[in-house]
Structure formats: structure tokens, C-alpha cells
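Here is the structure we will look at.
A note on names: the letters A, B, ... follow the listed sequences, proteins ahead of strands, and every chain is numbered from 1. The basis for the numbers below is simple: all heavy atoms, side chains too, and nothing from hydrogens, waters or symmetry mates.
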Amino acid sequence: MTPLLKSPRGSDRHGFKKTHSWVVFCTLLGCFFVSSGCNKTPPASFRSNMIEATKQRLSQSQEKQVATVLLAMFGTPDNPVVLAETGLDLEKLTLCAGPVRSDIVGRKNGLYREHCAHCHGITGDAMGPTAAFLNPYPRDYRPGVFKFKSTERVEKPTHVDLVRILHNGIAGTSMPSFALLSETQIDALAEYVKYLSIRGETELSLMRAFFELDDDAKGILPETREFLIGEMLLPASEKWLAAKESQIPVPLISEGVDLVESIAKGKALFYGDKANCVKCHGVTGLGDGQANDYDDWNKPIVEIDKELRGTRERIKVTATASMSPEELAEHVALQDWVTKLSQVLDGDSLKPRTVVPRNLRHGVYRGGRRPLDLYYRIYAGINGAPMPAAKGAVSPEDIWHIVNYVRSLPYEFDGELGADRPLIARERF
Amino acid sequence: MVRPVHFICISAIVLGLAGGCGPSRISSPSADDAAAQQLRVMLGSTAASGNSSGDLTSAESTGTGWGSLSGRFVFTGTPPETKALVIDKDTEICSKDGRKSLDRSLLVDSSTKGLANVVLFVRKVSRVKEPSETVAASAAVFDQKWCEFLSPVFSAKVGQAVDVRNSDPIGHNTNISGSSFNQLIPAGQGTTYTPDRETGMPSMVICNIHPWMKAYVLFRKDGYAAISGTDGSFRIQNLPAEELLEFQVWHERSTGPNGSLGLEKPELKWTKKGRFQIKLVPDEEKNLGDIEVPAGVLGG
């Protein structure tokens, strides 16, 4: 048979040339299967929050109503639209939306899909193709919860916070720095994160609203501005606009504080029962105190999985023989729900991972390593993670002492841990 | 002889076949494009639409006067053995003098069969009796001692200052799920939490330092909520009379959606969502008597 292609370098070593055509043929055959396996690629679409929809036991028509309302409010990944109420800037979103391409003036478009979607997913659901291999998993923006910010715990990050995260990345995780992008591009991407987050939070509210409906509403959400915008959209979007006003107050550390003294005070607090850091970060500071907990993204999966297994058990032991027709119908519906839920958990969630308190001997801080960043983390805790806020319990001055102690931890070596310190660290990771 | 190249060929084919379609995911519902277009126009216009309000539940004010509702939840199954929780931390305080912390998710009174910690609240009212009369005179205190939240289920009004206490000589953190409130509470101290919105259903409260600690909180604007006592009894006072009141019922172990307690009570039109309706006449003291809760509606 004639070779399909001639090897450019004409390499004949190890009989490669003879079989070359075979390789090409088979590869092409493989490619054919790959491309013919499924239908033509449909335009990109947002994926519904199937976990919440199933948890709320929504019917297909209810799922469709949510998808329709969201399409009206937010458009598609290729064509975003925004309502004035959100305060979002459509021009910035357009720069990020759609497939990667250049526009008429040669400006790069489709930034989100180019840089973020393979981890954070087109929908911002943290289900991109890369996500399953990462620890921690990428952020799912849809609950509207963010960890590393300069605002009070319950509030959203400011635009500047998001820009800083994009600029610096998140040290110690796979979230990369995008410092090589232009300011305009980073600014636009931060806006797009807000867009996906507001969309996701609105979706959650809509899905949860069905349960709150009166029975005479017949399972249909009212499609009025008062309800859709006033009750569903605004609670999610307003907080973004208010973030600037909820920044954490940071008093400067008093003049003339001796660093050694401050570190000693911080240490006493760290191990004391006022600040309680030791309970989670461990007596060694290695983060081995309370290490089997989940964060607010993984925990719901753990819980719904428990519910799934419980329901399966109940179904198994239910005797169907003596059931009335209605009871039987209900039983079948429950079985269908169990089947759907297990499918959804398989396809729309990743295996829950525990959140480990930070090993404070590494000196790697995800939310930034400026003393100010550590002040924010300790004052407000880490939203979405078990790490609680020290605000109110510990005075600002004492928080500064703890910051100083935490910063000294990677270098502290007073023999207490002995020669086995590196070993413990190695055993843990 | 299998040469590497064969291996490559076969792999390519196998890969092609296998990789053709991604893992099967349940399909995401598709939107109704035409309806979305119309809706978008309506949402974008500043004119107010229709006359319905943004509230999902409506209560029409019709009358005057006040009444009360009481009753008692009774468990009709075999009460399960109450299990002791595994306490593996700070035992010198948490298990002081051999004290055991029990799993409180299903508490049945052995003599009266009363089911404790059933939550009952009104979904919507048109009017509220003066706050001073509905809120208990004492401030709302949410305390923890022996590494246990003293109230397994707790309710307060939106806007009411809740004194979150720690009566233990060790530190705790109080983490209300879904609220972003997660605060360190030093030994012997407390902090104030003022709920700023309603919880649709009770929210879980945990302490991350002592993961066995668990409670539920309910925050309602009108304060019309009750939690059944050890004998299963409950009572809500000063309810507006002469309007149809819809009550929502919840229990931690309930298998209904979002923990709603669905019962077979046609006379009260009790629904799968754990709701029933009642209209009181002024000064009525309605007693629902014993409300039976079969074991089947409470899961593990």
C-alpha cells in the first residue's frame, strides 16, 4: 500500500517508515471516531445547577422555568445581557464572553474561556475538565461565597480584591497568577466573575423559591419584576455594589511595639482559649488539629450523599405489596428521584475533599502574605471555610500580635518540635 | 509479534471509540427562547408589572382579635435508643465526671411518647400583635456548655439581639450555616448576633472545633414560632384571628423536602410540604390535641 504521507525527515530507523502509514491511518481512524461520536458541537450554554434542582425536587417544567428566567436575565455564554439593576458593565463582559477570537480592532475576546473555564467551568460551577485533578478544587462562584477579601466576613469581595486575586493568583493552590494580562483584561475578568456569581446566586434563589410557593401557585414562580428582580436578583447583586462600604477597619499597630514581645504575646494568644487557633492548627502549627472537616462547597455534597444513601436504604426495606395506588405512585416517584440524584451526583459534583487547616510553618498564605492580608484572615476568618472570625473576641491590637506570631512560625525553632519536624511535614503531604 | 506500532494503532482506535462521547451527564434543561425574549423586555422596562407583589406567600388581612394554637406531637413508633456521641477532644471538659453527650436528633419522652423539637411556624401573617407582647421579656440567649449547644433547636426574631454565649472554660466557634456567621467565642464569653433575614427552614449550627456539636436555629420576622417541648407540646399565642393561617412544620429527621414534616391529616389539609391551615376566631384557644407522628416519616 502507498504511504498516505511521507515522513518529512525520511527517517527509516527501526523500520519506522514502513509502518508510518499505518500510524497515520489508525490515527485518522481514531480521530474520525472522536469527531463522529457525538453530534455537532452546540453553541456554548450555561448548565443548570442540577444538584440544587434535584435536591429541591423540581419538576422538569420547573427546571425549564428557571432556565428561561435566567436566559432572560443573563443571556448566554456567547451573548451576555445584563439588567441595569446589577450594576454590571456589559462592555467588560463582552470582552470575556464567547469563544476565543479577535474583534474588529484586533482586541482579544473570549478571555474567560481562554483562561478560566477549564478550571472554573463555563458556568462558573467549578466543573471544568481540569477541576477533578485539583486540590483544593477551583472556586464554584454560584453560591456567591469568596474567601480572600478585605471585607467583613458576610460581605462580597470588592472589585479591587478580585483584581488582586487575579493578579497574584492563590499561592499554594493551582489558581495561577494572571499578571501577564493587561489591566483592562484583568478588570474585565473580575467583572465576569461577578456576573457568573450573581447569575448563580439568582439561580439558587429561584430554585429554592419553589418550596416557598403557596399551593395555589401550582408550582409556577410569578414572572413579575417585583418578584424576579426585587426578591431574586437584587439580594444577590446589591451586596456586590455595597462591598466597598464594608471594608474591615484596620487600626495601625501601635508605635514602638517590640517585635519579640509582640510575637510572645501572639504566641500566648494562639495557644490560649481566647483565640483558640491551636484547636485547629494544632500544637505544632502544622495544621493537624481539626482536619476532617469540609468547607461550604463540599459539605452540601457530603450531606446530600448521606440523604441519598438513607433514602435508598428506606426504599429497600419498604414493603410495596400492601400499598394503595397513591402510595405506590409515590414510592415509584421516590425511586426515580433516587436514580436522578445519583446520576446528578456522578455528573455534576466531584468527590468531596476535606479542608485542612493551613500548615503555618510553610509561610505560604493563599490570601496574600502582607501582614495586612493576615490581619483580614484572622479578623474575619475565612468565609466558606471552618476558620472562624476572631472579630470581637480578640482586640485589634491582639490580632496584630497574632499576625506577628504567625509570621514568625515558619522560622521559629526552639527545639520543642525536635529533629522530627521535617518528618512530620513529609508524612502529612 | 506485537510491535509497538500495533499497540499505538489499537490504542488510537480504542481511544477514539471510548473518547467519542464524554461521560454521560444528565442533560441540563433548555430554556424557552421565545418566552425568555418576552420576559427580557418586561424585566428591562421600568414600568411596574401587574399587581401582584414580590412575595411568594400572601396573607390578606380580614379581621381583628387574637387567638392561640396548641397541641402535642406524639411519636407512634418504637422510640429508638438514644445514642451517645463520640467525644474525642477536650474530654476533661466535654465529658466531665463521666458526662455523656447524646444524639438529640430524635427525642421521645418515654412516659408520654411526646416528640420534642418539632418546629412549627406561621408562613405569613397580615398583622402582628405588639412586639413587646410576643417576644419573651428575657433576651434571647443561645448558650453552650459541656461542648453542647444548650438549645438543640432555637428560635428568635429577625432583628432581635441574640446573645451567643459560651459557658465552657474552653473556646468554641459558632457557625450558622448559610449565613456566613462563624465566630470564635472565647471561654466564658459571648457575642451578639442579630439575624438580618428570615431562615426559610431551620438552619444548622455547628462548632468546627468540636464537630459533634450541632443545633438548629430559626429566625422569623413575626416571631410566630414554637418548638415542641419534652412532652411534645407546643403553643403559639397572640395569633391574628379571622385570617387563614398557614403553618409550616419541621423536624430534623423528617424525610420530607427541606425537613418538612408531612403527615396524613386530611382534616387539617396537611400537605407533603408539611403545611396545614387554620383560621381562628377572636379569643379562641384552639387545641389540636395529640398529633401522631409515625416512625415512617422520620428517617435515620
Top of [options] for chain B proximity - count of heavy-atom pairs under 4.5 angstrom:
options: A:G384, A:A275, A:S45; value: A:A275
options: A:V69, A:L70, A:L71; value: A:L71
options: A:N49, A:L233, A:L83; value: A:L83
options: A:V154, A:D346, A:D216, A:V145; value: A:V154
options: A:T318, A:N292, A:D215; value: A:D215

- Message: One pair to check against side-chain hydrogen bond (donor to acceptor under 3.5 Å, both in side chains): B:D32 and A:Q65. What are the steps and the verdict?
- Response: CA-CA 8 Å; B:D32 178 338; A:Q65 192 188 11; over 6 Å; no

- Message: How about CD on B:E264, more than 12 heavy atoms from neighbouring residues, nucleotides or ligands closer than 6.0 Å, or not?
- Response: no

- Residue B:K265 excluded, over 12 heavy atoms near NZ under 6.0 Å: yes

Pick one of side chain, backbone, both or neither for [X], based on which atoms fall under 4.5 Å of a heavy atom in chain B.
X: A:K306; answer: neither
X: A:E330; answer: side chain
X: A:Q62; answer: neither
X: A:E155; answer: neither

If you compare all heavy atoms of [X] against all heavy atoms of [Y], which two are closest, and at what distance to 0.1 Å?
X: A:F211; Y: B:M201; value: CZ-CE, 3.5 Å
X: B:L43; Y: A:M73; value: CD1-CG, 3.7 Å
X: B:I206; Y: A:K299; value: CD1-NZ, 3.3 Å
X: B:A36; Y: A:A72; value: O-CB, 3.3 Å
X: B:I26; Y: A:R47; value: O-NH2, 2.6 Å

Is it the side chain or the backbone of [X] that comes within 4.5 Å of chain A heavy atoms, both, or neither?
X: B:D33; answer: both
X: B:S30; answer: both
X: B:R275; answer: side chain
X: B:Q38; answer: neither
X: B:T192; answer: neither

- Item | Polar side-chain atom of B:S28 near backbone of A:S48 as donor-acceptor pair, under 3.5 Å | yes

Using side-chain heavy atoms (C-beta onward) and a distance below 4.5 Å, is [X] in contact with [Y]?
X: B:R40; Y: A:F74; result: no
X: B:R25; Y: A:M50; result: no
X: B:E246; Y: A:D214; result: yes

- Does NZ or CZ of A:R153 come closer than 6.0 Å to the centre of the six-membered ring of B:Y193, within 45° of the ring's axis? no

- Task: With sequence neighbours excluded, give me every salt bridge (Lys or Arg N to Asp or Glu O under 4.0 Å) pair touching residues 61-74 of chain A.
- Result: A:E63-A:K340

- Note on the structure: Taken to the nearest 0.5 Å, the spacing of A:K274 NZ from B:I185 CD1 works out to 13.5 Å

- Item | CD-OG distance between A:Q343 and B:S27, expressed to the nearest 0.5 angstrom | 9.5 Å

Listed pairs under 3.5 Å, donor-acceptor, residues 168-184 of chain B side chains, sequence neighbours left out:
unit_1	atom_1	unit_2	atom_2	d
B:D168	OD1	B:W146	N	2.8
B:D168	OD2	B:W146	N	3.1
B:D168	OD2	B:C147	N	2.9
B:D168	OD2	B:H172	NE2	2.8
B:H172	ND1	B:H210	ND1	3.0
B:N173	OD1	B:N208	N	2.8
B:N173	OD1	B:I209	N	3.2
B:N173	ND2	B:N182	OD1	2.8
B:N173	ND2	B:N208	OD1	2.8
B:T174	OG1	B:Q144	NE2	3.1
B:N175	ND2	B:N208	OD1	3.0
B:S177	OG	B:M204	N	3.4
B:S177	OG	B:M204	O	3.1
B:S179	OG	B:I176	O	2.8
B:S179	OG	B:F181	N	2.9
B:S180	OG	A:N383	OD1	3.1
B:S180	OG	A:N383	ND2	3.3
B:N182	ND2	A:P386	O	2.8
B:Q183	NE2	A:A389	O	3.1
B:Q183	NE2	A:K391	O	2.3

- Task: Using a strict 4.0 Å threshold on nitrogen-to-oxygen distance, state whether B:D90 and A:K279 make a salt bridge.
- Result: yes

